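A short write-up of the structure that comes next.
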Amino acid sequence: MSNEYPALPPQQPGRNGEAAHRPHIPSQHPHPQHPHAQYPHSQYPQSQYMQPQYPHPQVPAGMPAAVRAAQVVIFALAGLGVVHSALVGAFSGAEAAGQAFAPYLMAWVLLVLAFLFPSAGPGVRAAALVLGSVQIVLALGGAAQGTPFGILPLAGAVAVVVLLGQGSAGDWFRRPRTR
């Protein structure tokens, strides 16, 4: 292999008719036997396959633990609401079952939103935070009335608000998504 470089194309005139200066840059490839070692870097045709593809540094690779935990809390809260109202209904009647289920209504709305967490944007997070806060207020009212299970919706709503309020949850819902 010779040490000569291929001829550069003729220089084009620059602005105002001046000759453009284009320095000749020899190949910096560490292996002279490499098939592209003969081309200067300025002329080497770049390929998408030659450059490593890294994920965007701000994009989480998967759903963060805080968002997944909020999902699990919402699923458990909705399930507890059904079990609790079914048990109360079996022993005390339909009206008592409805009263037992009332503190869990927001959990069922949150359940619909929880299924959207993997693909949703920041609006779903904001709605879940607002509904969780409303659930806290409603659960405080239920706990004040002496309902023994009023603490479960309260604790679940506090957990959801705390988990979805974390920075990793915000990053997850603000991530770029493909359509």
Side-chain angles (χ1 to χ4, degrees), residues 28 30 36 41 44-179:
Q28 300 293 322
H36 298 292
H41 283 286
Y44 177 67
Q46 295 293 322
S47 168
Q48 65 180 357
Y49 302 108
M50 298 297 287
Q51 299 173 1
Q53 301 293 321
Y54 298 108
H56 190 275
Q58 298 296 326
V59 177
M63 189 182 297
V67 178
R68 179 68 69 194
Q71 255 188 337
V72 169
V73 168
I74 291 169
F75 295 156
L77 204 58
L80 283 173
V82 170
V83 170
H84 179 238
S85 63
L87 289 174
V88 169
F91 294 111
S92 301
E95 186 175 335
Q99 289 176 346
F101 187 72
Y104 296 95
L105 283 176
M106 279 301 161
W108 278 87
V109 178
L110 284 169
L111 180 70
V112 172
L113 294 177
F115 281 113
L116 299 175
F117 286 0
S119 61
V124 169
R125 176 181 178 240
L129 285 169
V130 168
L131 290 173
S133 300
V134 169
Q135 176 69 28
I136 291 171
V137 171
L138 293 176
L140 283 173
Q145 293 176 1
T147 306
F149 290 102
I151 194 73
L152 293 176
L154 175 63
V158 167
V160 167
V161 169
V162 167
L163 289 167
L164 291 180
Q166 292 183 3
S168 62
D171 292 342
W172 172 255
F173 286 104
R174 282 189 304 267
R175 75 195 183 284
R177 286 170 296 286
T178 57
R179 298 205 180 234

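Model, not experiment: these values are computed from the prediction. Keep in mind that the numbers below use all heavy atoms, side chains included, and drop hydrogens, waters and symmetry copies.
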Would V82 and W108 count as a side-chain contact (heavy atoms from CB on, under 4.5 Å) here? Give the steps. CA-CA 10 Å; V82 170; W108 278 87; 3.1 Å; yes
Report the C-alpha distance between I136 and L154 in whole Å, list the side-chain angles of each, state the deciding distance to 0.1 Å, and finish with yes or no for side-chain contact (heavy atoms from CB on, under 4.5 Å). CA-CA 5 Å; I136 291 171; L154 175 63; 3.9 Å; yes
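Judged by distance alone, the side chain of W172 and the main-chain N or O of F117 form a donor-acceptor pair under 3.5 Å.
Heavy atoms only, all atoms of each residue included: R174 and D171 are closest at NH2-OD1, 3.1 Å. In this structure, S168 and P64 approach most closely via the heavy-atom pair O-CG, 3.5 Å. When all heavy atoms of G89 and A97 are compared, the pair lying nearest together is CA-CB, 3.5 Å. Minimum interatomic distance between G156 and V73 (heavy atoms only, all atoms of both residues): O-CG1, 3.6 Å. Taking each heavy atom of A100 and P103 in turn, the nearest pair found is O-CD, 3.3 Å. Heavy atoms only, all atoms of each residue included: A114 and F75 are closest at CB-CE2, 3.9 Å.
Summarising the geometry, atom OH belonging to Y104 is positioned 14.0 Å from atom CG belonging to L111; distances are rounded to the nearest 0.5 Å. Of the inter-residue distances, the one linking L131 atom CG with L110 atom CG reads 5.0 Å to the nearest 0.5 angstrom. Taking CG of L129 as the start and CZ of F173 as the end, the distance is 8.5 Å to the nearest 0.5 Å. Once rounded to the nearest 0.5 Å, the distance linking CG of L113 with CG of L164 reads 9.5 Å. Atom-to-atom distance recorded for L105:CG and Q135:CD is 8.5 Å, nearest 0.5 angstrom. Between the CE atom in M63 and the OG atom in S119 there is a gap of 8.5 Å [rounded to 0.5 Å].
The shortest side-chain heavy-atom distance between M106 and P153 does not fall under the 4.5 Å cut-off.
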